[in-house]
Amino acid sequence: MRLLVAGGGLGGLVAAARALELGAAVTLLEKGDRPGGSFLYSSGYVWSYRDLPTFRREAPGGDPVLQALVLERLQDAIGWLEARGGVLLSRETGNPLTFGARFDPEPTAAALTDRVESGGGQLLLRHALRRLLRDGRVRGALVEWEGGRGEEAADAVVLATGGFAANPELVQRYILHGPGGLLLRAHPWSTGDGFLAALEAGARPGTGLDEFYGRNLPAPPARFGPKLFVEVSQLYGRYAVAVNLEGVRYADEAADWSETALVRATAQQPRQRAWYLLDAAALRRRVRERSVGEMVETARRVGGTVLRAGSLEELAGLLGERGLPEERLLRTLREYNAAAAAGRAAELRPPRSGEALVLEEPPFTAVEVAPSITHTIGGLAVDEGGRVLEDGGRPVGGLYAAGVEVGGIATGGYASGLAAALVLGLVSAETAVAEGAA
(Lines give C-alpha, C1' and ligand atoms only; values in the text may rest on other atoms or scores of the structure.)
Protein backbone atom coordinates (compact mmCIF):
# COMPACT_ATOMS: atom_id res chain seq x y z
CA MET A 1 0.00 0.00 0.00
CA ARG A 2 1.46 3.36 -1.06
CA LEU A 3 0.61 6.40 1.06
CA LEU A 4 1.38 9.99 0.17
CA VAL A 5 1.46 12.42 3.11
CA ALA A 6 1.38 16.12 2.23
CA GLY A 7 2.86 18.30 4.96
CA GLY A 8 5.75 17.64 7.32
CA GLY A 9 4.55 19.30 10.50
CA LEU A 10 3.61 17.30 13.59
CA GLY A 11 0.48 15.82 11.98
CA GLY A 12 2.25 14.76 8.81
CA LEU A 13 5.29 13.34 10.61
CA VAL A 14 3.05 11.32 12.92
CA ALA A 15 0.93 10.03 10.01
CA ALA A 16 4.02 9.03 8.02
CA ALA A 17 5.71 7.31 10.99
CA ARG A 18 2.56 5.41 11.95
CA ALA A 19 1.84 4.29 8.38
CA LEU A 20 5.37 2.93 8.07
CA GLU A 21 4.88 0.95 11.26
CA LEU A 22 1.76 -0.56 9.70
CA GLY A 23 3.64 -1.67 6.61
CA ALA A 24 2.84 1.05 4.10
CA ALA A 25 5.29 2.55 1.63
CA VAL A 26 5.31 6.25 2.48
CA THR A 27 6.30 9.41 0.67
CA LEU A 28 6.21 12.58 2.77
CA LEU A 29 6.06 15.93 0.96
CA GLU A 30 7.19 19.07 2.77
CA LYS A 31 6.81 22.42 1.05
CA GLY A 32 9.41 24.10 3.24
CA ASP A 33 13.12 23.55 3.63
CA ARG A 34 12.83 21.46 6.80
CA PRO A 35 10.29 19.24 8.58
CA GLY A 36 8.58 20.16 11.84
CA GLY A 37 6.18 22.88 10.71
CA SER A 38 5.07 25.42 13.29
CA PHE A 39 5.41 22.79 16.01
CA LEU A 40 9.02 24.00 16.23
CA TYR A 41 7.84 27.49 17.20
CA SER A 42 5.35 26.30 19.81
CA SER A 43 5.58 25.88 23.57
CA GLY A 44 5.12 22.14 23.01
CA TYR A 45 1.94 21.64 25.05
CA VAL A 46 -0.26 18.83 23.68
CA TRP A 47 -3.55 18.82 25.59
CA SER A 48 -7.27 18.21 25.68
CA TYR A 49 -10.04 19.32 27.98
CA ARG A 50 -10.54 16.88 30.84
CA ASP A 51 -14.01 15.72 29.81
CA LEU A 52 -16.44 16.15 26.94
CA PRO A 53 -18.82 18.55 28.75
CA THR A 54 -15.88 20.89 29.36
CA PHE A 55 -14.75 20.51 25.74
CA ARG A 56 -18.29 21.33 24.57
CA ARG A 57 -18.47 24.36 26.84
CA GLU A 58 -15.12 25.74 25.71
CA ALA A 59 -15.68 25.05 21.99
CA PRO A 60 -19.49 24.83 21.68
CA GLY A 61 -19.61 24.95 17.89
CA GLY A 62 -17.17 22.09 17.41
CA ASP A 63 -17.94 18.62 16.13
CA PRO A 64 -18.67 16.52 19.25
CA VAL A 65 -17.57 13.32 17.49
CA LEU A 66 -14.12 14.74 16.72
CA GLN A 67 -13.87 16.33 20.15
CA ALA A 68 -14.60 12.96 21.76
CA LEU A 69 -12.02 11.34 19.48
CA VAL A 70 -9.27 13.72 20.61
CA LEU A 71 -10.29 13.35 24.25
CA GLU A 72 -10.39 9.53 24.13
CA ARG A 73 -7.24 8.94 22.10
CA LEU A 74 -4.91 11.61 23.45
CA GLN A 75 -3.42 9.83 26.46
CA ASP A 76 -2.44 6.77 24.41
CA ALA A 77 -1.21 9.04 21.62
CA ILE A 78 1.08 10.86 24.04
CA GLY A 79 2.47 7.49 25.10
CA TRP A 80 3.01 6.55 21.46
CA LEU A 81 4.90 9.78 20.80
CA GLU A 82 7.09 9.39 23.87
CA ALA A 83 7.90 5.79 22.92
CA ARG A 84 8.98 6.96 19.43
CA GLY A 85 11.53 9.39 20.79
CA GLY A 86 9.39 12.37 21.72
CA VAL A 87 11.21 14.32 24.44
CA LEU A 88 8.80 14.83 27.32
CA LEU A 89 9.30 17.93 29.46
CA SER A 90 6.25 17.66 31.70
CA ARG A 91 3.15 15.57 32.26
CA GLU A 92 1.23 18.63 33.44
CA THR A 93 -0.38 21.47 31.49
CA GLY A 94 -0.70 24.01 34.28
CA ASN A 95 -4.42 24.40 33.55
CA PRO A 96 -7.02 22.61 35.73
CA LEU A 97 -9.41 22.42 32.77
CA THR A 98 -7.03 20.28 30.73
CA PHE A 99 -4.76 17.25 30.73
CA GLY A 100 -1.84 16.39 28.49
CA ALA A 101 1.91 16.81 28.33
CA ARG A 102 4.62 19.15 27.17
CA PHE A 103 7.18 17.99 24.61
CA ASP A 104 10.40 19.66 23.54
CA PRO A 105 9.52 20.50 19.91
CA GLU A 106 12.91 20.36 18.15
CA PRO A 107 14.18 16.97 19.38
CA THR A 108 10.67 15.50 19.13
CA ALA A 109 10.33 16.56 15.48
CA ALA A 110 13.86 15.27 14.82
CA ALA A 111 13.01 11.90 16.35
CA LEU A 112 9.92 11.54 14.17
CA THR A 113 11.86 12.59 11.08
CA ASP A 114 14.51 9.99 11.84
CA ARG A 115 11.85 7.30 12.24
CA VAL A 116 10.37 8.19 8.86
CA GLU A 117 13.72 8.10 7.07
CA SER A 118 15.16 5.08 8.91
CA GLY A 119 11.89 3.23 8.40
CA GLY A 120 12.19 3.49 4.63
CA GLY A 121 10.00 6.52 4.05
CA GLN A 122 10.88 9.04 1.37
CA LEU A 123 11.05 12.64 2.60
CA LEU A 124 10.90 15.24 -0.16
CA LEU A 125 11.69 18.78 1.00
CA ARG A 126 10.69 21.85 -1.04
CA HIS A 127 7.94 19.78 -2.72
CA ALA A 128 4.46 21.29 -2.73
CA LEU A 129 1.09 19.66 -3.38
CA ARG A 130 -0.66 21.33 -6.30
CA ARG A 131 -3.59 19.09 -7.21
CA LEU A 132 -5.04 15.71 -6.27
CA LEU A 133 -5.18 12.98 -8.92
CA ARG A 134 -8.47 11.08 -9.15
CA ASP A 135 -10.02 8.23 -11.09
CA GLY A 136 -13.10 7.80 -8.95
CA ARG A 137 -10.93 7.95 -5.84
CA VAL A 138 -7.77 9.84 -4.98
CA ARG A 139 -4.73 8.20 -6.60
CA GLY A 140 -1.93 10.58 -5.75
CA ALA A 141 -1.08 14.19 -6.44
CA LEU A 142 0.50 16.63 -8.82
CA VAL A 143 3.62 17.86 -7.05
CA GLU A 144 5.70 20.95 -7.76
CA TRP A 145 9.29 21.71 -6.85
CA GLU A 146 11.82 24.30 -7.91
CA GLY A 147 12.29 23.90 -11.63
CA GLY A 148 9.76 21.16 -12.18
CA ARG A 149 6.55 19.33 -11.49
CA GLY A 150 5.35 15.76 -11.76
CA GLU A 151 2.81 13.21 -10.62
CA GLU A 152 3.27 11.21 -7.43
CA ALA A 153 1.14 8.06 -7.57
CA ALA A 154 -0.35 6.62 -4.37
CA ASP A 155 -3.20 4.46 -3.13
CA ALA A 156 -4.24 7.18 -0.66
CA VAL A 157 -3.30 10.70 0.43
CA VAL A 158 -3.19 12.22 3.91
CA LEU A 159 -3.43 16.01 3.89
CA ALA A 160 -1.54 17.75 6.68
CA THR A 161 -0.47 21.01 5.06
CA GLY A 162 -1.49 23.13 8.04
CA GLY A 163 -4.48 25.18 6.91
CA PHE A 164 -4.22 28.59 5.26
CA ALA A 165 -2.81 30.92 7.93
CA ALA A 166 -0.05 32.09 5.57
CA ASN A 167 -2.36 32.86 2.66
CA PRO A 168 -3.39 36.56 2.94
CA GLU A 169 -6.07 36.23 0.26
CA LEU A 170 -7.82 33.35 2.04
CA VAL A 171 -7.44 35.09 5.42
CA GLN A 172 -9.13 38.17 3.99
CA ARG A 173 -11.88 36.10 2.35
CA TYR A 174 -12.80 33.82 5.21
CA ILE A 175 -11.63 35.53 8.42
CA LEU A 176 -11.43 39.30 7.92
CA HIS A 177 -14.21 39.49 5.32
CA GLY A 178 -12.45 42.44 3.79
CA PRO A 179 -9.14 44.28 3.56
CA GLY A 180 -6.39 44.16 6.14
CA GLY A 181 -4.06 41.51 7.41
CA LEU A 182 -2.89 39.53 10.39
CA LEU A 183 0.66 39.09 11.59
CA LEU A 184 1.84 35.54 10.91
CA ARG A 185 2.79 33.64 14.06
CA ALA A 186 3.76 30.49 12.17
CA HIS A 187 5.96 29.32 9.32
CA PRO A 188 5.23 30.78 5.84
CA TRP A 189 4.34 27.53 4.05
CA SER A 190 0.76 26.88 5.24
CA THR A 191 -0.93 28.61 2.32
CA GLY A 192 -3.97 26.38 1.97
CA ASP A 193 -2.53 23.90 -0.54
CA GLY A 194 -4.28 20.86 0.93
CA PHE A 195 -7.50 22.74 1.66
CA LEU A 196 -7.79 24.11 -1.88
CA ALA A 197 -6.83 20.82 -3.53
CA ALA A 198 -9.44 18.96 -1.49
CA LEU A 199 -12.19 21.46 -2.34
CA GLU A 200 -11.34 21.06 -6.02
CA ALA A 201 -11.66 17.29 -5.58
CA GLY A 202 -15.17 17.61 -4.17
CA ALA A 203 -14.55 17.88 -0.43
CA ARG A 204 -16.67 20.17 1.68
CA PRO A 205 -15.36 22.57 4.30
CA GLY A 206 -16.03 22.05 7.97
CA THR A 207 -17.29 24.67 10.39
CA GLY A 208 -15.29 27.59 11.73
CA LEU A 209 -13.78 28.95 8.52
CA ASP A 210 -14.03 32.48 9.90
CA GLU A 211 -12.17 31.57 13.11
CA PHE A 212 -8.50 31.30 13.95
CA TYR A 213 -6.12 30.76 16.82
CA GLY A 214 -3.45 33.36 17.45
CA ARG A 215 -2.13 35.87 19.92
CA ASN A 216 -1.99 39.62 20.22
CA LEU A 217 1.65 40.58 19.64
CA PRO A 218 3.58 43.84 19.93
CA ALA A 219 2.50 45.86 16.91
CA PRO A 220 4.98 47.05 14.29
CA PRO A 221 7.53 48.60 14.34
CA ALA A 222 8.30 45.69 16.68
CA ARG A 223 10.57 43.13 15.00
CA PHE A 224 11.27 39.56 16.09
CA GLY A 225 11.94 36.16 14.60
CA PRO A 226 9.96 32.91 14.85
CA LYS A 227 11.91 31.62 17.83
CA LEU A 228 10.45 34.50 19.88
CA PHE A 229 6.80 33.87 18.94
CA VAL A 230 5.99 32.43 22.37
CA GLU A 231 8.04 34.93 24.35
CA VAL A 232 6.64 38.08 22.69
CA SER A 233 2.97 37.06 22.97
CA GLN A 234 1.05 39.58 25.07
CA LEU A 235 -1.09 37.28 27.24
CA TYR A 236 -2.49 39.69 29.82
CA GLY A 237 -5.62 41.12 28.23
CA ARG A 238 -7.63 39.98 31.27
CA TYR A 239 -5.64 42.41 33.44
CA ALA A 240 -5.85 45.32 30.98
CA VAL A 241 -8.40 47.62 29.45
CA ALA A 242 -8.30 46.99 25.69
CA VAL A 243 -9.26 49.94 23.50
CA ASN A 244 -9.26 50.37 19.73
CA LEU A 245 -8.09 53.34 17.68
CA GLU A 246 -11.43 55.05 18.32
CA GLY A 247 -10.71 55.13 22.05
CA VAL A 248 -13.40 52.64 23.11
CA ARG A 249 -13.41 49.14 24.54
CA TYR A 250 -14.28 46.65 21.83
CA ALA A 251 -14.45 43.27 23.61
CA ASP A 252 -14.75 41.45 26.91
CA GLU A 253 -11.08 41.25 27.80
CA ALA A 254 -11.60 38.18 30.01
CA ALA A 255 -14.20 36.32 27.97
CA ASP A 256 -12.17 33.09 27.94
CA TRP A 257 -9.08 31.73 29.69
CA SER A 258 -7.03 31.58 26.46
CA GLU A 259 -7.93 35.13 25.34
CA THR A 260 -8.70 33.73 21.89
CA ALA A 261 -11.94 35.73 21.71
CA LEU A 262 -10.03 38.95 22.46
CA VAL A 263 -7.52 38.27 19.68
CA ARG A 264 -10.32 37.56 17.18
CA ALA A 265 -12.09 40.75 18.22
CA THR A 266 -8.87 42.72 17.72
CA ALA A 267 -8.71 41.38 14.16
CA GLN A 268 -12.02 43.11 13.43
CA GLN A 269 -10.89 46.55 14.64
CA PRO A 270 -9.78 49.45 12.42
CA ARG A 271 -6.34 48.70 10.94
CA GLN A 272 -6.24 45.54 13.11
CA ARG A 273 -4.71 47.53 15.98
CA ALA A 274 -5.47 48.05 19.67
CA TRP A 275 -3.92 49.26 22.91
CA TYR A 276 -3.67 47.43 26.22
CA LEU A 277 -3.89 49.90 29.12
CA LEU A 278 -2.56 48.89 32.56
CA ASP A 279 -1.66 50.29 35.93
CA ALA A 280 1.23 49.34 38.22
CA ALA A 281 -0.82 46.73 40.07
CA ALA A 282 -1.66 44.95 36.81
CA LEU A 283 2.03 44.77 35.90
CA ARG A 284 2.66 42.70 39.02
CA ARG A 285 0.12 40.03 38.07
CA ARG A 286 1.44 36.73 36.72
CA VAL A 287 0.47 34.55 33.76
CA ARG A 288 2.09 31.14 34.20
CA GLU A 289 5.83 31.66 34.64
CA ARG A 290 5.98 35.37 33.81
CA SER A 291 4.68 38.62 35.22
CA VAL A 292 2.70 41.04 33.10
CA GLY A 293 5.51 43.52 33.55
CA GLU A 294 7.99 41.06 32.06
CA MET A 295 5.77 40.61 29.00
CA VAL A 296 5.46 44.36 28.58
CA GLU A 297 9.23 44.71 28.86
CA THR A 298 9.62 42.06 26.13
CA ALA A 299 7.36 44.13 23.87
CA ARG A 300 9.51 47.18 24.50
CA ARG A 301 12.74 45.23 23.96
CA VAL A 302 11.71 44.06 20.47
CA GLY A 303 10.79 47.59 19.39
CA GLY A 304 7.11 47.68 20.23
CA THR A 305 5.39 50.90 21.26
CA VAL A 306 5.13 51.12 25.07
CA LEU A 307 4.01 54.39 26.67
CA ARG A 308 4.20 55.30 30.36
CA ALA A 309 2.56 58.16 32.24
CA GLY A 310 1.97 59.36 35.79
CA SER A 311 -1.79 59.77 35.38
CA LEU A 312 -4.60 58.54 33.16
CA GLU A 313 -4.97 62.05 31.79
CA GLU A 314 -1.31 62.12 30.79
CA LEU A 315 -1.63 58.65 29.23
CA ALA A 316 -4.67 59.77 27.24
CA GLY A 317 -2.67 62.77 26.04
CA LEU A 318 0.16 60.54 24.82
CA LEU A 319 -2.32 58.32 22.99
CA GLY A 320 -4.02 61.41 21.59
CA GLU A 321 -0.72 62.35 19.97
CA ARG A 322 -0.94 59.00 18.17
CA GLY A 323 -4.40 59.66 16.82
CA LEU A 324 -6.78 58.34 19.48
CA PRO A 325 -9.61 60.74 20.46
CA GLU A 326 -8.42 61.92 23.86
CA GLU A 327 -11.75 62.91 25.44
CA ARG A 328 -13.50 59.75 24.29
CA LEU A 329 -10.66 57.63 25.67
CA LEU A 330 -10.82 59.38 29.06
CA ARG A 331 -14.59 58.85 29.14
CA THR A 332 -14.06 55.15 28.38
CA LEU A 333 -11.55 54.81 31.22
CA ARG A 334 -13.67 56.70 33.73
CA GLU A 335 -16.75 54.63 32.92
CA TYR A 336 -14.74 51.44 33.19
CA ASN A 337 -13.13 52.42 36.50
CA ALA A 338 -16.46 53.45 38.03
CA ALA A 339 -18.09 50.16 37.03
CA ALA A 340 -15.11 48.10 38.21
CA ALA A 341 -14.97 49.91 41.58
CA ALA A 342 -18.70 49.33 42.11
CA GLY A 343 -18.55 45.66 41.11
CA ARG A 344 -20.75 46.31 38.06
CA ALA A 345 -18.24 45.55 35.29
CA ALA A 346 -20.63 42.94 33.84
CA GLU A 347 -23.03 45.82 33.07
CA LEU A 348 -20.52 47.58 30.81
CA ARG A 349 -20.98 47.43 27.05
CA PRO A 350 -19.19 45.30 26.08
CA PRO A 351 -19.39 43.52 29.46
CA ARG A 352 -16.33 42.60 31.45
CA SER A 353 -16.12 39.05 32.82
CA GLY A 354 -14.28 37.86 35.89
CA GLU A 355 -12.12 40.13 37.99
CA ALA A 356 -12.09 43.71 36.72
CA LEU A 357 -9.10 45.64 38.06
CA VAL A 358 -9.54 49.35 38.66
CA LEU A 359 -6.80 51.31 36.88
CA GLU A 360 -5.71 53.52 39.77
CA GLU A 361 -2.08 52.89 40.76
CA PRO A 362 0.50 54.92 38.82
CA PRO A 363 2.49 54.73 36.72
CA PHE A 364 0.16 53.79 33.86
CA THR A 365 1.22 51.88 30.75
CA ALA A 366 -0.12 51.50 27.22
CA VAL A 367 1.11 48.79 24.84
CA GLU A 368 0.16 48.79 21.16
CA VAL A 369 -0.81 45.30 19.99
CA ALA A 370 -1.75 43.64 16.72
CA PRO A 371 -3.44 40.26 16.20
CA SER A 372 -1.51 37.35 14.78
CA ILE A 373 -2.65 34.06 13.32
CA THR A 374 -0.99 30.79 14.30
CA HIS A 375 -3.43 28.47 12.57
CA THR A 376 -6.92 28.37 11.15
CA ILE A 377 -9.81 26.70 13.00
CA GLY A 378 -11.87 25.92 9.91
CA GLY A 379 -10.73 23.36 7.38
CA LEU A 380 -12.11 20.21 5.82
CA ALA A 381 -15.08 18.18 7.02
CA VAL A 382 -13.65 14.93 8.38
CA ASP A 383 -15.15 11.91 10.15
CA GLU A 384 -13.86 9.97 13.16
CA GLY A 385 -11.62 7.89 10.89
CA GLY A 386 -9.86 10.93 9.45
CA ARG A 387 -11.71 10.52 6.13
CA VAL A 388 -12.35 13.74 4.20
CA LEU A 389 -16.05 14.10 3.43
CA GLU A 390 -18.07 15.29 0.45
CA ASP A 391 -21.46 17.00 0.59
CA GLY A 392 -23.91 14.45 1.90
CA GLY A 393 -21.36 12.97 4.29
CA ARG A 394 -19.78 10.44 1.93
CA PRO A 395 -16.01 10.04 2.12
CA VAL A 396 -13.84 11.23 -0.73
CA GLY A 397 -12.30 7.86 -1.55
CA GLY A 398 -8.61 7.66 -0.67
CA LEU A 399 -8.42 11.07 1.00
CA TYR A 400 -7.67 11.67 4.68
CA ALA A 401 -6.63 14.65 6.81
CA ALA A 402 -4.83 15.46 10.05
CA GLY A 403 -4.05 18.45 12.24
CA VAL A 404 -5.53 21.84 11.48
CA GLU A 405 -6.34 20.63 7.97
CA VAL A 406 -9.33 19.20 9.85
CA GLY A 407 -12.06 21.78 10.40
CA GLY A 408 -14.50 22.17 13.22
CA ILE A 409 -12.81 20.64 16.26
CA ALA A 410 -12.48 23.94 18.11
CA THR A 411 -15.26 25.98 16.48
CA GLY A 412 -16.61 28.63 18.81
CA GLY A 413 -13.62 28.51 21.12
CA TYR A 414 -10.14 27.09 21.40
CA ALA A 415 -8.53 23.66 21.64
CA SER A 416 -5.03 22.30 21.15
CA GLY A 417 -3.92 22.24 17.52
CA LEU A 418 -1.03 19.97 18.49
CA ALA A 419 -3.46 17.45 19.98
CA ALA A 420 -5.42 17.44 16.72
CA ALA A 421 -2.16 16.90 14.84
CA LEU A 422 -1.07 14.00 17.03
CA VAL A 423 -4.40 12.19 17.31
CA LEU A 424 -5.60 12.73 13.74
CA GLY A 425 -2.13 11.92 12.42
CA LEU A 426 -2.40 8.49 14.02
CA VAL A 427 -6.06 7.97 13.13
CA SER A 428 -5.76 9.04 9.49
CA ALA A 429 -2.73 6.77 8.93
CA GLU A 430 -4.42 3.81 10.59
CA THR A 431 -7.62 4.23 8.58
CA ALA A 432 -5.81 4.83 5.29
CA VAL A 433 -3.61 1.75 5.67
CA ALA A 434 -6.50 -0.46 6.80
CA GLU A 435 -8.71 0.63 3.91
CA GLY A 436 -5.87 0.48 1.42
CA ALA A 437 -5.14 -3.11 2.37
CA ALA A 438 -8.78 -4.19 2.22
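Note that the structure is a prediction, hence the values are computed from the model and not measured. Sequence positions, counted from 1, serve as the residue numbers for this chain. Atom set for the values below is all heavy atoms of this structure, side chains included, hydrogens, waters and symmetry mates excluded.
- By the side chain to side chain donor-acceptor pair (under 3.5 Å) test, Glu430 pairs with Arg18, Arg73, sequence neighbours left out.
- Scanning for side chain to side chain donor-acceptor pair (under 3.5 Å) contacts around Glu297 gives Arg300, with sequence neighbours left out.
- Scanning for side chain to side chain donor-acceptor pair (under 3.5 Å) contacts around Ser38 gives an empty result, with sequence neighbours left out.
- Residues passing the salt bridge (charged side-chain N to carboxylate O under 4.0 Å, His left out) test with Glu231, sequence neighbours excluded: Arg301.
- Heavy atoms only, all atoms of each residue included: Pro105 and Phe39 are closest at CB-O, 3.2 Å.
- Looking at Phe99 and Glu92, their side chains never come closer than 4.5 Å, going by heavy atoms from C-beta outward.
- Counting heavy atoms from C-beta on, the side chains of Arg249 and Val241 come closer than 4.5 Å.
- Applying the ring-ring contact (aromatic ring centres under 6.0 Å, His included) test to every pair with at least one member in residues 48-79, sequence neighbours left out, gives these pairs: Trp47-Tyr49, Tyr49-Phe55.
- Proximity of Val292 to Leu278: side-chain heavy atoms (C-beta onward) are separated by under 4.5 Å at one or more points.
- With 3.5 Å as the limit, one finds no donor-acceptor pair spanning the side chains of Ser291 and Arg286.
- Put simply, the side chain of Leu125 reaches to within 4.5 Å of the side chain of Leu123, judged on heavy atoms.
- Comment: Glu146 does not engage Arg126 in a salt bridge, judged by the lack of any side-chain N to carboxylate O separation of less than 4.0 angstrom.
- Counting only N and O atoms by type, the side chains of Thr266 and Tyr250 include a donor and acceptor under 3.5 Å apart.
- A salt bridge is absent between Arg130 and Glu152: the closest approach of a Lys/Arg side-chain nitrogen to an acidic carboxylate oxygen does not fall below 4.0 angstrom.
- Using a 3.5 Å distance cut-off with no hydrogens or angles, the side chains of Tyr236 and Glu259 do not pair a donor with an acceptor.
- Side-chain atoms of Asp193 and Thr191 form a donor-acceptor pair, as typed in the model, at a separation below 3.5 Å.
- The side-chain heavy atoms of Val138 and Val396, taken from C-beta on, include a pair separated by under 4.5 Å.
- Screening Thr207, Asp63, Asp210 against Thr411 for a side-chain hydrogen bond (donor to acceptor under 3.5 Å, both in side chains) leaves a single residue, Thr207.
- With salt bridges taken as basic N to acidic carboxylate O contacts below 4.0 Å, one links Arg285 and Glu355.
- The aromatic rings of Phe164 and Phe195 are tilted relative to each other, their planes meeting at an angle between 30° and 60°.
- Tyr41 and Phe229 have perpendicular rings, their planes meeting at more than 60° on a 0 to 90° scale where under 30° would count as parallel.
- The shortest distance between side-chain heavy atoms of Asn216 and Ser372 does not fall below 4.5 Å.
- Between Leu28 and Ala16, the shortest heavy-atom distance links the atoms CD2-CB, 4.3 Å.
- Distance alone, capped at 3.5 Å, places no donor-acceptor pair between the Arg204 side chain and the Leu380 backbone.
- Take Arg215 and apply the salt bridge (charged side-chain N to carboxylate O under 4.0 Å, His left out) test, not counting sequence neighbours, and it matches no residue.
- A heavy-atom distance below 4.5 Å is found between the side chains of Leu112 and Val14.
- Using a 4.5 Å heavy-atom cutoff, the side chains of Val388 and Asp383 are not in contact.
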